[in-house]
**Student:** 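Have a look at the structure that comes next, please.
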Amino acid sequence: MLLRAPALGLASRQAAERRYLRLNPDASAPNLTGEQRVRAVRDRRAGDRAVVGWARNNSGALRRLAGQVAALDGLDPDSKASADKVQEALSADDSVALLGPLAEVASLLAHSHPALAIQLNQVTADTDQIRLMTQRTDPENS
């Protein structure tokens, strides 16, 4: 979505985006008001930024876990495919790329490598908690 604020008679990209979000209902959440849609998008983005910061600050731990997953032998085909995604993400410059693949492989390792699965699930729990902490809680805008 590329918004041209001046063409819409608005002063900024943010104002144009706010208008767009207020006027266009989200099919996945049709019961939200325009302001609630604006707030939901902004909260999601704030959560994404917070998780990115956390992942970058915890890059060493994420890469260590990813290395452990990538080094596993004797995995079933589904687990192996997920472990391969982790190994591929491990080569990325940004540790944020590890979050999705690590979350995906966690449930597949629950029976064969429970201790590692617990650590991987903790990463997901931590990122979920970070997202929750970034949501505004002011009752005035609820």
Side-chain angles (χ1 to χ4, degrees), residues 1-5 7-8 10-142:
M1 164 182 66
L2 180 60
L3 297 176
R4 305 276 185 209
L8 298 172
L10 300 169
S12 68
R13 181 203 59 81
Q14 291 85 355
E17 179 186 46
R18 182 179 193 82
R19 178 183 286 178
Y20 172 82
L21 291 170
R22 287 179 58 219
L23 297 176
N24 291 298
D26 181 355
S28 64
N31 57 331
L32 294 180
T33 67
E35 286 303 313
Q36 289 170 331
R37 283 191 297 275
V38 170
R39 180 179 174 187
V41 167
R42 289 185 175 172
D43 285 349
R44 180 183 46 79
R45 288 181 185 158
D48 290 347
R49 284 190 303 273
V51 167
V52 165
W54 179 89
R56 290 176 179 159
N57 288 336
N58 292 279
S59 176
L62 291 172
R63 291 187 185 283
R64 179 184 51 79
L65 284 171
Q68 290 175 6
V69 170
L72 293 175
D73 288 325
L75 297 174
D76 63 75
D78 290 339
S79 299
K80 176 68 173 136
S82 286
D84 288 346
K85 290 179 187 175
V86 170
Q87 185 167 0
E88 184 179 321
L90 190 54
S91 68
D93 290 338
D94 197 343
S95 57
V96 174
L98 292 167
L99 294 176
L102 288 175
E104 178 184 324
V105 77
S107 63
L108 298 172
L109 299 178
H111 295 295
S112 60
H113 298 85
L116 184 54
I118 288 170
Q119 292 177 47
L120 296 171
N121 285 325
Q122 187 59 53
V123 168
T124 300
D126 289 348
T127 57
D128 289 347
Q129 183 63 34
I130 289 166
R131 286 182 197 286
L132 283 174
M133 291 183 340
T134 62
Q135 292 181 359
R136 289 182 252 160
T137 57
D138 54 329
E140 185 177 307
N141 292 326
S142 292

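Predicted, not measured: the structure shown is a model, and the values here were computed from it. These numbers come from the heavy atoms of this one structure, side chains and all, not from hydrogens, waters or symmetry mates.
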**Student:** With rounding to the nearest 0.5 angstrom, report the CG to CG distance, D48 to D43.
**Tutor:**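 Here the rounded value is 11.0 Å.
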
**Student:** Could you walk me through whether T124 and L99 pass side chain to side chain contact (heavy atoms under 4.5 Å, CB included), step by step?
**Tutor:** CA-CA 8 Å; T124 300; L99 294 176; over 6 Å; no

**Student:** Between T134 (side chain only) and R131 (backbone N and O only), is there a donor and an acceptor less than 3.5 Å apart?
**Tutor:**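 Confirmed, T134 side chain pairs with R131 backbone.
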
**Student:** Taking atom CD of Q122 as the centre, report whether more than 12 heavy atoms of other residues, nucleotides or ligands fall under 6.0 Å from it.
**Tutor:** yes

**Student:** For the side chain of D76 and the backbone of S79, is there at least one donor-acceptor N/O pair under 3.5 Å apart?
**Tutor:**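 The answer is yes, because a donor-acceptor pair under 3.5 Å joins these two groups.
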
**Student:** Keeping the roles fixed (side chain from R56, backbone from V96), state whether a donor-acceptor pair exists under 3.5 Å.
**Tutor:** no

**Student:** Before giving the answer on side chain to side chain contact (heavy atoms under 4.5 Å, CB included), spell out for L72 and L109 the whole-Å C-alpha distance, their side-chain angles and the decisive distance to 0.1 Å.
**Tutor:** CA-CA 10 Å; L72 293 175; L109 299 178; 3.8 Å; yes

**Student:** In Å, rounded to the nearest 0.5 Å, how long is the span from CG of N58 to CG of D126?
**Tutor:** 8.0 Å

**Student:** Considering non-hydrogen atoms only, spot the tightest contact between L62 and S95 and give its length.
**Tutor:**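 For L62 versus S95, the nearest heavy atoms are CD1-O, 4.1 Å.
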
**Student:** Between L120 and V69, which heavy-atom pair has the shortest distance, and what is it?
**Tutor:**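 That would be CD1-CG2, 3.9 Å.
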
**Student:** Between L108 and S82, what is the shortest heavy-atom contact and its length?
**Tutor:**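 Nearest pair, atom of L108 first, then S82: CD1-OG, 3.2 Å.
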
**Student:** Check the pair H113, L75 against side chain to side chain contact (heavy atoms under 4.5 Å, CB included), reporting the backbone distance first and the verdict last.
**Tutor:** CA-CA 10 Å; H113 298 85; L75 297 174; 3.9 Å; yes

**Student:** Closest approach of P114 and S112, non-hydrogen atoms and distance?
**Tutor:** CD-C, 3.6 Å

